[in-house]
Number of protein chains: 2
Amino acid sequence: MSNTPIRPSDGELAILRVLWSRGPSTVRDVLTELSKVRDMGYTTVMKLMQIMVAKGLVVRDESARTHIYQAVQEEESTQSFLLKELMDKAFEGSASSLVMRALSSTKADERELDEIQAFLKRLKKERR
Amino acid sequence: MSNTPIRPSDGELAILRVLWSRGPSTVRDVLTELSKVRDMGYTTVMKLMQIMVAKGLVVRDESARTHIYQAVQEEESTQSFLLKELMDKAFEGSASSLVMRALSSTKADERELDEIQAFLKRLKKERR
DNA sequence: GTAAAAATGCGAAGCGTTTCGTTGACATAT
DNA sequence: ATATGTCAACGAAACGCTTCGCATTTTTAC
């Protein structure tokens with residue numbers, strides 16, 4: 001059972017986000033959603049999604065004429081993967097320094113800070 | 001005063017890390033350091049560093065025959081930049097969800113968690 | 001002084017990502 | 001049944017990143 005996560009490129013990640021939020025979708029669905037932000041052609045999105053099938057990032061249902069695509073990996077595991085990658089590349093693998101940098105360089109408001117604090121407490125409890 | 005941060009590529013980031021930890025260095029210095037991890041040729045590193053000069057990621061002192069390179073941006077601002085980028089691309093711009101994902105998906109030990117907690121407290125104090 | 005070693009600069013090739021034009025298959029409406 | 005529109009498939013081009021070979025210049029060592 002090789003559960004090796006696959007690194008999505010930037011464009012692929014944008015598509016994955018649509019699939020995560022919308023659930024199984026067609027190429028046109030994704031294009032419509034992406035068009036709100038980026039400006040891409042139909043075949044561009046299609047090609048990317050075909051490549052993603054080849055990579056194993058998505059699966060597709062070809063039973064109908066219009067194929068339906070679905071993300072293979074969970075959003076959470078992809079997020080974890082990308083974080084780990086950045087951690088290794090720019091934070092010497094230290095989770096805490098990444099977290100502290102994230103906290104100090106963004107304007108997380110009071111409510112968010114509280115949320116994180118509560119989360120930390122829960123985490124510490126679980127860890128013993 | 002255009003303080004637009006420039007996105008370093010992976011290879012460039014690896015070089016930047018050497019420059020941040022060693023301070024101003026020659027191509028050979030960087031190569032020696034990088035060789036411990038990756039396996040690259042001299043001209044490869046050199047070319048990358050030349051491109052970095054062109055991009056404005058590093059400056060170099062050409063007064064001596066052997067040029068000396070120095071990072072332009074601080075490590076902190078580059079880290080912030082990369083975090084912000086990931087935040088936008090994979091966390092809908094939410095700092096707290098990024099932080100919580102980072103915390104739950106890594107094995108930060110007790111000490112690190114304490115450190116973060118203390119940091120949070122300090123941060124909240126400063127914020128008012 | 002000459003040979004060897006080291007540094008710079010240039011150009012190009014390989015690769016992955018992104019983009020899109022074109023073609024052919026299929027569906028729908030007239 | 002024919003015209004119009006939608007879709008999938010393919011190939012190619014453009015771009016950035018990475019790598020390296022080669023030529024040239026400079027330093028060092030004998």
Side-chain angles (χ1 to χ4, degrees), chain A residues 4-19 24-35 37-70 78 81-82 85-86 89-90, chain B residues 4-19 22 24-70 78 81-82 85-86 89-90:
Chain A
T4 319
I6 301 150
R7 209 215 169 283
S9 70
D10 280 5
E12 291 166 351
L13 184 56
I15 289 173
L16 283 178
R17 283 201 299 173
V18 175
L19 293 181
S25 308
T26 66
V27 172
R28 180 142 314 271
D29 290 335
V30 172
L31 173 66
T32 304
E33 196 62 26
L34 283 185
S35 294
V37 189
R38 298 205 205 185
D39 191 55
M40 338 171 64
Y42 178 90
T43 53
T44 302
V45 176
M46 155 123 249
K47 181 68 167 186
L48 259 180
M49 292 174 79
Q50 281 172 351
I51 292 174
M52 291 169 80
V53 170
K55 284 191 185 177
L57 279 170
V58 300
V59 289
R60 79 178 154 191
D61 175 359
E62 311 184 15
S63 61
R65 156 142 163 84
T66 303
H67 300 176
I68 296 181
Y69 294 75
Q70 188 171 358
T78 300
F81 179 79
L82 294 174
E85 189 183 56
L86 181 59
K89 280 199 275 203
Chain B
T4 318
I6 301 149
R7 209 214 171 282
S9 70
D10 281 4
E12 290 166 352
L13 183 56
I15 289 173
L16 283 178
R17 283 201 299 173
V18 175
L19 293 181
R22 285 193 36 114
S25 309
T26 66
V27 172
R28 182 144 309 274
D29 290 335
V30 173
L31 174 65
T32 304
E33 196 61 26
L34 283 185
S35 294
K36 295 175 185 170
V37 189
R38 298 205 206 184
D39 191 54
M40 337 170 65
Y42 179 91
T43 52
T44 301
V45 176
M46 155 123 250
K47 182 66 165 188
L48 259 181
M49 291 174 79
Q50 283 173 351
I51 293 174
M52 291 169 80
V53 171
K55 283 191 186 177
L57 279 169
V58 300
V59 290
R60 80 177 154 191
D61 176 358
E62 311 183 14
S63 61
R65 151 126 170 97
T66 304
H67 301 174
I68 296 181
Y69 295 75
Q70 189 171 358
T78 300
F81 179 79
L82 295 174
E85 189 184 54
L86 181 57
K89 280 197 276 204

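Chain letters run A, B, ... following the sequence lines, proteins first and then strands; every chain starts at 1.
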Validation: residues 50-65 of chain A side-chain donor-acceptor distances under 3.5 Å, sequence neighbours left out:
from  : atom 1 : to    : atom 2 : distance (Å)
A:K55 : NZ     : A:E12 : OE1    : 3.2
A:K55 : NZ     : A:E12 : OE2    : 2.9
A:R60 : NE     : A:E62 : OE2    : 3.1
A:R60 : NH1    : A:Y69 : OH     : 3.0
A:D61 : OD1    : A:S63 : N      : 2.8
A:D61 : OD1    : A:S63 : OG     : 2.7
A:D61 : OD2    : A:S63 : OG     : 3.4

Is any side-chain nitrogen or oxygen of A:Y42 closer than 4.0 Å to OP1 or OP2 of D:dA8?
yes
Report yes if at least one side-chain N or O of A:T44 is closer than 4.0 Å to OP1 or OP2 of C:dT18; otherwise report no.
no
What pairs with B:T44 under side-chain contact (heavy atoms from CB on, under 4.5 Å), at least two apart in sequence or on another chain?
B:M40
May I ask you to list the residues of residues 56-70 of chain A, by number, that have any heavy atom positioned under 4.0 Å from an atom of DNA chain D?
A:R60, A:R65, A:T66, A:H67
In short, B:A90 meets A:L13 closest at the heavy-atom pair CB-CD2, 4.1 Å
If the condition is salt bridge (Lys or Arg N to Asp or Glu O under 4.0 Å), which residues does [X] pass it with, not counting sequence neighbours?
X     : result
A:D39 : none
A:R38 : none
B:R28 : none

Contact letters for nucleotides 10-17 of chain C, in which S counts primed atoms plus P, OP1 and OP2 and B counts the base, heavy atoms under 4.0 Å:
-BB----S
Might you list the N or O atoms of the protein lying below 3.5 Å from N or O atoms in nucleotides 28-30 of chain D, with each pair's distance?
none

List in chain and number order the residues that pass side-chain hydrogen bond (donor to acceptor under 3.5 Å, both in side chains) with B:E85, two or more places apart in sequence or in another chain; answer none if no residue qualifies.
B:R7
Going by the rule side-chain hydrogen bond (donor to acceptor under 3.5 Å, both in side chains), which residues pair with A:T26 if we only count those two or more places apart in sequence or in a different chain?
A:D29
Which value, rounded to the nearest 0.5 Å, describes the distance between A:K89 atom NZ and B:L16 atom CG?
13.0 Å
Any A:L82 side-chain heavy atom under 4.5 Å of A:T78 side chain
yes
